[in-house]
Asker: 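Structure below; questions to follow.
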Amino acid sequence: MSLLDVADLRVSFATEAGDVRAVDGVSFSVARGEVVALVGESGSGKSTVGLTLMGLTRRLGARITGSAALEGNDLLGASERELQRLRGRLMAMVFQDPMSSLNPVQKVGWQISEQIRAHEPRVSGAQALERAVELMDRAGIPQARSRVRAYPHELSGGMRQRVMLAMALSCEPGLLIADEPTTALDVTTQAQILAQLRELRERTELGMLFITHDLGVVADIADRILVMRAGQLVEQGEADAVLRAPRDPYTQNMLAAYAPRPARSPRTPGGPLLETHELSVAFRGIKALDGVSLTLNEGETLGVVGESGAGKTTLIRCLIRLMDPTGGTVRFRGQDVTHAKRRELRPMRRELQMVFQDASASLNPRRRVEWILASGLRLREVPRAQWRARAADLLERVGLRPEHLERFPHELSGGERQRVGIARALSCDPRALVLDEPVSSLDATVRARVLELLARLQEESGLSYLLVSHDLMIVRGVSDRVAVMRRGRVLETGPTEQLFSAPQHEYTQALLAACPKLPGQVRSAV
Amino acid sequence: MTAPRPGTKSPPAGRGPWLLAWRRLARSRTALAFGGLFLGVAVLCLLAPVYAHRVAHTGPNENHITETIKIGGKNEEVTSPTGVPIGPTWHSRFFLGADANGRDVAVRLLYGGRNSLEIGAVATLITMLLAVLIGTFAGYFGGLTDGLLSRLLDVIWAFPPVLLGVALGVALAVGGLDLGVVKLTSGSLLLPAFIIGVVFVPYVARPLRGQVLSLRGREFIDAARVQGRGHLRILAGELLPNLTSTIVVFVPLMLANAILLEAGLSYLGAGVQDPNPSWGTMLAEGIRLTPGAIHLVLAPGLMLVIAVLGVNVFGDGLRDALDPRAVHRAIVMRSPRGTQPPALEGS
Amino acid sequence: GSSTSSSTNASNTGVNASSPSVTVLMGTAPDSLDPALGMSTQSYEATWLAYTGLVTYAHASGSAGAQLIPGLATALPTISADGKTYTFTLRKGLLYSNGQPVKASDFAYTLQRAIKLGWGNKQFLTGHIAGAEAFDKGKAHSISGITAADSSGVITVKLTAPFGPFLNVLAFPAAGLVPASTPLKPLPSEPPAGVGPYTIAHVVPNQSFEMAGNPHWASEAISGIPSGQAKVQIKIVTNNQSAAEQVLGNTADVFDWNDTVPGTLLAQVHARASARYAQEPTVSTEFFFLNTQAKPFSSQLAREAVNYALDRRALARLDGGQLTPACYLLPIGMPGHPAGPCPYGDPSAAPNTAKAKELITQSGMAGTAVDVWSEPHPPHKEYADYYASVLSAIGLKATVKIVATAQYPGTIGNLKGVNPQTGWIAFSQDFPNPVDFYQLLDAESIAPSENHNLSQVKDPHIQSELAALAPVPSSQLDSVVPKWQALDEYTAQKAYIAVLGYDDVPKFTSEHINFGALVFHPVYGNDWSTLQLK
Amino acid sequence: MVAFLARRLAGMAAVLLAISLLTFLIFQVIPGGDPAKRMAGRLATHQQVQDVRHAWGFDQPLYDQYLTTMGKVLNGTVVSYSQQINVEDEIVRSLPPTLSLALGAGVIWLLFGVIFGVLSAITSGRLLDRSLTVVALIGVSTPAFFLGALLLYYLGYRLKLLPLGGYVPLTSDPWGWFTHMLMPWLALSVAFIGVYARVLRASVLDTMGEDYVRTARAKGLSERRVLVRHVLRNSLIPIVSLWGLDFAAVVGGGAIVIESVFDLHGVGQYAAESIARLDVPPVLVVTLLVACAVVVLGTVVDILYAALDPRIRLAR
Ligand SMILES: Nc1ncnc2c1ncn2[C@@H]1O[C@H](COP(=O)(O)OP(=O)(O)OP(=O)(O)O)[C@@H](O)[C@H]1O
Ligand SMILES: Nc1ncnc2c1ncn2[C@@H]1O[C@H](COP(=O)(O)OP(=O)(O)OP(=O)(O)O)[C@@H](O)[C@H]1O
Ligand SMILES: [Mg+2]
Ligand SMILES: [Mg+2]
């Protein structure tokens, strides 16, 4: 007998721009102890399904039809009062963003025990808190007893996510809806959480609806897969079957995009272009960079990987002199960047451009694409009359159409925005680009296309890239050489294939081991 | 990682934020109605001379103390021997009654409105100009510039606005103010406008500074710096467009507050100088003559409330339209009676 | 003036702790309750009952109240033939309110203290008493012109030149004796001991004070000074409206005469309380000064035009009907007030605007710009508004200039600054002698930054008359009244000023008070020592 | 914390210095504002005025006058020019009415502001919300002295329900105190109620859209609990700080106009009368007092803010 039955679920939102059909006729079921993965590109309606089952889209003004039953309880027709009884006790949800999903002004222990007491009125406050400690402990939070008194902001992202998990499981629900529970985490933490969920399912027959766009994670945990696109289910089936032999063209595309790119054939690098020597940065005693020496050669791509907080962004900001290092130097074509005066810096700046991690934050939301591109052209003293044509050219180079010139950043998709970001960097006619996680905010299909674009530009104009990422797979596909960073230090550097097949440092080895893999993918090392 | 969150939907392509805001505003009928109300009052006030000549047949400063007028066949004195002025006649002459000097209240109300609105508008302009300059420079350059400008704001801030206004008003009432570029003579309407404008600067400059402070850390500013653009270019090209909606939101707010503060200062005798009427001075005179002549309080008071209410409701709608996701709602609506919380650092 | 004094019942034992209490509501707090500093009418109203000088005024209404009577002196002084030496004899056995005996030498100390603390009218002392100037400058340790023998009680005062109103000066509360042990510093909240039916107690500055009985008064009982029957509680209530309502509703007893019953309330007062409300004339004049040294009022025709054009009935209405229209500088109640008709027509009738316009045209001043100065206190601003509209109507171009009350005298009295053309001014008597008013037209009062002759009149006729009339002692004023009348008529003909009228003030009490018995004194207003509860 | 307080104190000293200088200078440049002329009497001669000027040190250089005055302010011996009464004593006497006014009105506006704001937010978009919005904005748009005059006229003169102004000490007559304060409280708080209702509405609506409120619902909490423990707990934080600052402003004379309308003899009225008399010392002291109150309460608010919102650390 299945735990959850959903039939012909349709959800639409009335917005200023008309109705948005977020979910458009979705039917599936989840059995006890089964993990069903819901995958699909951004905006396909995955979260809406989860939220609707929890009854949380009602107050957003959604129109909902179809049926959904959880252990015989009608979820869609239930009154708010009945839903309150079900939420947390029979079904629980873990939300995508653990920082914003916890109340910032309440202690985490209180937040967990609050749920327990809401459903079990006879439990005393102290008992509930005791259970919270236990739950947090089981969720793998070290020193749970003292951490119950912590506020959310005092915990790391991973710990916050585990608190969410502990909270969701506090009343031992039958169904857990997990909305991208690991997206915010680095690979090692992600692996730990996935292991916990697996263990939980074994132990408590927990049924799970696991929402994600990461196929690697799906392969790791799911029994069955549902693929969504534009509000509809385009494919569903056993996990292995879908991953090995996708039938729907969209799924095939997605898988293809995810598949790691073959390592590049090594090329002959030119002379050194950008060098750092013993670069150090300290923030109030914290060493964000601790003696980093790296070299980027002409025409090559240097990948820098490292977990969150490793100092990657700090490194990049020093390279382009958005920040002054506490020690060490940066040289660009032999010239000292670190101590250059503002006037000397200008020509260097043009040649050394940056692509930012968050494409939407790096584009002025109040300016049209044309203006954004023209601002670079103006600095090159291109006559005003040519701006528009040149801007259109640039767009073409990054695979966009001239009509995009008229748009504001918010009118572009994530991938398009990142392309504009690249076009802006190109507008200065640079020799080298430093790229801070240029694709990590994009979903898999778009990501692949942007990486392709970068490769093509490099072919065309011999640019050098310094590409920073926390994702090993990305770095692997595009880099000639790779450097691994941790806690402000470079642990090892080497040609891509060599580093991946024979990592020297044990941290690199751990990092590689933690990477989720699709079935059929051969682990390259360990 | 910022995957788009539910609730943010992409608007129709090709539309700028301004157009969208305008559309939202156009749909908010209450806001438009009240905006229209304010405009109506303003137009009415601009037509004061027409009313004075064609309808009331008297000017704003013409005294009719000892005259009598015919109402419904009866002769009535404009002011009684003990100085009590006639109430509303609802006729073309002395429609809203007379004041102690036997002047037509309706005529003065319209002329006074002109002055009140003019002061409000000029004061708002001064506030916005100074506040944008101070706020953006302090926020963008930080360091010493910020320190000095922020202390300056602190000083104006901690100075009780009404006391500052009255003190300045008294100080400048006779001699006027010589600013080098402009000379404000005593009795000039620009004088109270200038005082009010200065008093309100911190209320706008502080939030602007806070906003610039947070914008400064945004990546598109970094992007501009990476391109090697100069500070002023970045200020004007990148920052200012992002401040416009805040600025626009503040304009009606400040206009409303300026009109209110003008009334308060006039009540304390430091506002508009005689014989120029303003709603505030009329109110002050009216309050002196209550209870025998409540119309002298009600007429300017209600007119003032209607005009300010119009601005406020419109401003409220504008705020919603410009930023439905309510970044600006946190910008506290201010009254001249109080102060605004300083933008909290580190939040 | 309505009733005469009912006060000389010496059998009264004075005010003590068990006396009933009367509440006076006062709109403006006294500037200071220290007699050596107080200058405001509110201050005099209280201090003249607590600080009796060698001479004082009779406690009576109307012109009887302007009579000087012996106070702490046994009799009015003997004045030497040259008019420069005044000789007094102090009564015997007098005690201050704190029990200390009164000594003749205290008189000298009292005047020294007033001079040293900077009493605002000290020019009446330093300008006339021999040696006072030197004392003020610190060139002498005492005033050489004053001698006092404690044993005999004989006090002589020598003047530098005869000064008619000198006895009036000694009747100021500032000359009311205080013990020589009084500290030489302002004592606004613990006023010094004095001699009089009352002492000032429980002072909460700007909020309230009490006129309590003087425990030693009963034994002294100076004839002509009533002992009082009730304690007086004075509360400062800034809002005249509220104060008038309270008195009307009998929750307070006396409405201070310095305040105005709002015109809007007068109808009610007349209807409900006509038996306890009266409009009392004061010896004060409101006028517009006309600067004779500047256009347009350098032309006598233009000045006359103003006098013709003013509708004084309108001005009276602006003052809530509490202004008696008039055209002479010397007000009713001041010796020398002319009896004849006004040269510009009946001030209580319609103005002659046509004539005024004609005069302006004749004068050639038509179209001249005129600044009309006034202060914001009602109805002075309203006067100016009206006045400006009148000037505009007769062919001048008038602009109103309102200056904060505190700034006003300093602003208009500054010839180097604004040198005002015309503006409102009011003057109330310091003492019942016309010299007081004629300081305002005395050429010697013209000064570059402290100008008091705002019309800047430099008229030889006025100067010669003043020289003759000023030295006549107040006690012999009757003999020169016709001369004063003639002078004042001359002034009116020259149209040096445009008089609005004389101020009336309210005498208004609750029904608990014996209204008829309450004296309205021409110099000091409501005489609290004559307050009787029904 | 100590460093924070020290920095704030230093900042405060700087601000107070600037404010005192500014006040002092403003009064120096007032034409015809020479205090000596007023003190010398109405028909004083030039010589007399000079004497007063000398006696009071007005002929000393400006910085000297400033330093002497500030010295007296600091050791509490400064007296007013017009009455020569100790200014600090006078202010202490004026504090009870001002505190009564500020505290009472503060409680009223906080209470009703919160009630209206919450009502408005939970009925957002519906009729009640829209009517409350208009009512709140009417409140915001009404000058306090206009409202005060209307109250005085209708409740006082016409209906004779309440006294026509004045202040009765709480200690001598609690009921009298209450009836005398009622109208001033109302007149002062209405505008604030409007402001607070609007601010709280916005704040509640913002909070309602937060992810953690969704979490709270997902936990199966009752709607009331979600509202009180999660929404209000967070959205009241800005209100608390707002209240502190407004209170400071009102205590320090922000209620000048109301005190004058209702004749309360408070600090504000004292300041207003002193300005009218161009009496520098009281104005100086009141201004400094207000500035102190604003700065000190600003600091308290920041500390409170940090206590209420654990994310915020005291900075600067
Ligand atoms: N409250 C809402 N109002 C209007 N439209 C909404 C709302 N919530 C979601 N949508 C729209 O519904 C569609 C599906 O959104 P949903 O959040 O379910 O996508 P998703 O698959 O979870 O995407 P992601 O991977 O980015 O989280 C989107 O087009 C979104 O814009
Ligand atoms: N402005 C700053 N003040 C204090 N500490 C900082 C600051 N910026 C960075 N750090 C610290 O420096 C270290 C490196 O940060 P950095 O942003 O370079 O990491 P990263 O590798 O880019 O991480 P992520 O993948 O999360 O972006 C971190 O410990 C971070 O907390
Ligand atoms: Mg989602
Ligand atoms: Mg980073």
Side-chain angles (χ1 to χ4, degrees), chain C residues 29-34 37 39 116-124 126-127 133 136-137 185-189 204-207 235-239 241-243 245-246 249 251 265 376 403-414 417-418 427 430 436 439-440 445 447-450 452, chain D residues 30-52 54-56 79-87 89-90 93-94 97 149 152-153 156-157 160 163-167 169 259-265 269-270 272-279 282:
Chain C
D31 56 350
S32 182
L33 288 170
D34 185 329
L37 285 166
M39 282 194 301
K116 270 281 173 292
L117 291 188
W119 178 48
N121 278 332
K122 71 175 178 183
Q123 80 274 12
F124 288 129
T126 55
E133 182 84 48
D136 191 15
K137 287 262 136 63
K185 63 170 194 196
L187 298 169
S189 33
V204 184
N206 294 325
Q207 292 183 23
K235 281 209 290 197
I236 312 302
V237 174
T238 322
N239 185 342
Q241 194 90 48
S242 161
E245 284 263 346
Q246 290 183 46
T251 51
L265 214 73
V403 179
T405 308
Q407 268 170 292
Y408 187 59
T411 306
I412 58 170
N414 189 347
V418 296
F427 190 85
D430 293 300
D436 196 22
Q439 297 177 89
L440 302 176
S445 299
S449 61
E450 281 81 21
H452 303 305
Chain D
I30 293 183
D34 185 351
K37 282 196 186 171
R38 286 188 302 285
M39 293 158 77
R42 69 172 174 178
L43 293 181
T45 60
H46 182 67
Q47 188 53 51
Q48 255 174 295
V49 174
Q50 290 301 337
D51 289 351
V52 173
H54 181 72
W56 283 77
V79 295
S80 60
Y81 293 157
S82 55
Q83 296 183 309
Q84 306 191 15
I85 293 174
N86 186 298
V87 173
D89 290 353
E90 193 72 336
R93 269 193 295 275
S94 315
L152 214 51
Y153 177 71
Y157 293 114
K160 308 234 179 289
L164 294 172
Y167 175 74
E259 285 182 11
S260 305
V261 170
F262 291 100
D263 206 10
L264 292 178
H265 292 291
Q269 196 177 1
Y270 180 54
E273 284 169 359
S274 300
I275 289 189
R277 289 193 284 252
L278 299 182
D279 201 339

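Every chain is numbered from 1, with letters handed out A, B, ... down the list of sequences.
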Asker: Checking D:Gln84 against C:Asp34: is there a side-chain donor and acceptor pair closer than 3.5 Å?
Answerer: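 Distance-only check fails for C:Asp34 and D:Gln84.
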Asker: Against chain D, label C:Gln123 side chain, backbone, both or neither, depending on which of its atoms sit under 4.5 Å from a heavy atom there.
Answerer: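 Answer is both: backbone and side chain atoms of C:Gln123 are under 4.5 Å from chain D.
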Asker: At a heavy-atom distance under 4.5 Å, which candidate from C:Gly120, C:Ala447, C:Ser32, C:Pro376 has the highest pair count against chain D?
Answerer: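 Winner by heavy-atom pair count: C:Gly120.
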Asker: Between C:Lys122 and D:Gln48, is there a donor-acceptor pair closer than 3.5 Å when you use the side chain of the first and the backbone of the second?
Answerer: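 Not a single qualifying donor-acceptor pair exists.
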Asker: What part of C:Leu440 lies closer than 4.5 angstrom to a heavy atom of chain D: side chain, backbone, both or neither?
Answerer: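 The side chain, not the backbone.
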Asker: Give the member of D:Val52, D:Thr45, D:Asp279, D:Ile85 that has the highest number of heavy-atom pairs under 4.5 Å with chain C.
Answerer: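 The answer is D:Ile85.
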Asker: With a 4.0 Å cut-off, would you call C:Asp430 and D:Arg42 a salt bridge?
Answerer: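 A salt bridge links C:Asp430 with D:Arg42.
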Asker: Which region of D:Val79, side chain (C-beta onward) or backbone (N, CA, C, O), has a non-hydrogen atom less than 4.5 Å from a non-hydrogen atom of chain C, or is it both or neither?
Answerer: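 D:Val79 has no heavy atom closer than 4.5 Å to chain C.
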Asker: With side chain to side chain donor-acceptor pair (under 3.5 Å) as the criterion, how do C:Asn206 and D:Glu273 come out once you've worked through the C-alpha distance, each side chain's angles and the decisive distance to 0.1 Å?
Answerer: CA-CA 11 Å; C:Asn206 294 325; D:Glu273 284 169 359; 5.6 Å; no
Asker: Spell out, as yes or no, whether a donor-acceptor pair under 3.5 Å connects the side chain of D:His265 to the backbone of C:Val237.
Answerer: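 Side chain of D:His265 to backbone of C:Val237: no pair is present.
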Asker: Which bit of C:Ile236 is near chain D, if near means a heavy-atom gap under 4.5 Å: side chain, backbone, both or neither?
Answerer: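 Both the backbone and the side chain of C:Ile236 come within 4.5 Å of chain D.
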Asker: Look at the side chain of C:Thr238 and the backbone N and O of D:Asp263, then say whether any donor-acceptor pair between them is shorter than 3.5 Å.
Answerer: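 Here the side-chain-to-backbone pair does not exist.
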Asker: Check whether any side-chain heavy atom of D:Leu43 lies under 4.5 Å from a side-chain heavy atom of C:Phe124, and answer yes or no.
Answerer: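 A side-chain contact under 4.5 Å is absent here.
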Asker: How close do D:Ala276 and C:Ala406 get, heavy atom to heavy atom, and via which atoms?
Answerer: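 Heavy-atom minimum between the residues: O-CB, 3.0 Å.
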Asker: Evaluate the side-chain proximity of C:Gln241 to D:Leu164: yes if any heavy-atom separation is below 4.5 Å, no if none is.
Answerer: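 SC-SC contact between D:Leu164 and C:Gln241 ruled out.
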Asker: Rounded to the nearest 0.5 Å, what's the gap from CG on D:Leu152 to OG on C:Ser242? Could you check?
Answerer: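 So the gap between those two atoms works out to 8.0 Å.
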Asker: Taking C:Gly118, C:Pro188, C:Pro186, C:Pro205 one by one, which has the highest count of heavy-atom pairs under 4.5 Å against chain D?
Answerer: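 Going by pairs under 4.5 Å, I would pick C:Pro205.
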Asker: To the nearest 0.5 Å, what is the distance between CG on C:Asn414 and NZ on D:Lys37?
Answerer: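 That separation rounds to 5.0 Å.
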Asker: Hey, which of C:Glu245, C:Met39, C:Lys137 has the most heavy atom pairs under 4.5 Å with chain D?
Answerer: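 The answer is C:Glu245.
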Asker: If you round to the nearest 0.5 Å, how far is CD of D:Glu90 from OG of C:Ser189?
Answerer: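 Separation between the atoms: 9.0 Å.
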Asker: Please find the pair of heavy atoms, one from D:Asp51 and one from C:Asp136, that lie closest to each other, and give the distance.
Answerer: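 Closest approach of D:Asp51 to C:Asp136, heavy atoms only: OD2-OD2, 3.8 Å.
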Asker: Counting only heavy atoms closer than 4.5 Å, note whether D:Tyr167 contacts chain C via side chain, backbone, both or neither.
Answerer: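 Interface part for D:Tyr167: neither.
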Asker: Atom NZ of residue position C:Lys235 - does it have more than 12 heavy atoms of other residues, nucleotides or ligands inside 6.0 Å?
Answerer: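 Counting other residues, nucleotides and ligands, NZ of C:Lys235 stays at 12 neighbours or fewer.
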